[in-house]
Amino acid sequence: MEYLALLAQYQNLQENIAHILFDHDPMGIAHLGQSDAYQPEAEALIPLLTSLQSKEELAAVIYQVFCDWFEPAIVPLVDSAIMQQIADAIWLFWQQQAAN
């Protein structure tokens, strides 16, 4: 795949994952009005997606990424409804991308 196509694919992944995180807003920071508030977390998740086999693994990885970026004591637990909803949405998007 040529470099520009690969870059465009990465940017699409990053933007969509950041949008999913922003919409679900697990850390309650969306009200600050920065639509790119979850870009670092989205960037951290992308390279890990290819090795995941299930939504459950993804939920654990999302939790770990958020613990890396925020104080672990304030991160919603991996089995919380919000983390499961985020994992469901990102997994669905990732599966759709893989099918294309």
Would you confirm whether [X], through its side chain, and [Y], through its main-chain N or O, come within 3.5 Å as a donor-acceptor pair?
| X | Y | value |
| --- | --- | --- |
| Tyr63 | Val75 | no |
| Glu15 | Gln39 | no |
| Gln84 | Ser80 | no |

Please round to the nearest 0.5 Å and tell me the distance separating atom CG of Asp36 and atom CD of Gln14.
9.5 Å
Are any of the side-chain heavy atoms of [X] and [Y] separated by less than 4.5 Å?
| X | Y | answer |
| --- | --- | --- |
| Tyr38 | Met27 | yes |
| Phe66 | Leu21 | yes |
| Ile62 | Val78 | no |
| Val65 | Leu48 | yes |

The criterion is salt bridge (Lys or Arg N to Asp or Glu O under 4.0 Å); which residues satisfy it with Asp79, sequence neighbours excluded?
none
Does the pair Ile82 and His24 meet the rule for a side-chain contact (heavy atoms from CB on, under 4.5 Å), with working shown?
CA-CA 7 Å; Ile82 190 73; His24 288 88; 3.8 Å; yes
Let me check something: any side-chain donor-acceptor pairs from residues 86-98 under 3.5 Å, sequence neighbours excluded? List them with distances.
{"from": "Gln97", "atom 1": "OE1", "to": "Asn12", "atom 2": "ND2", "distance (Å)": "3.4"}

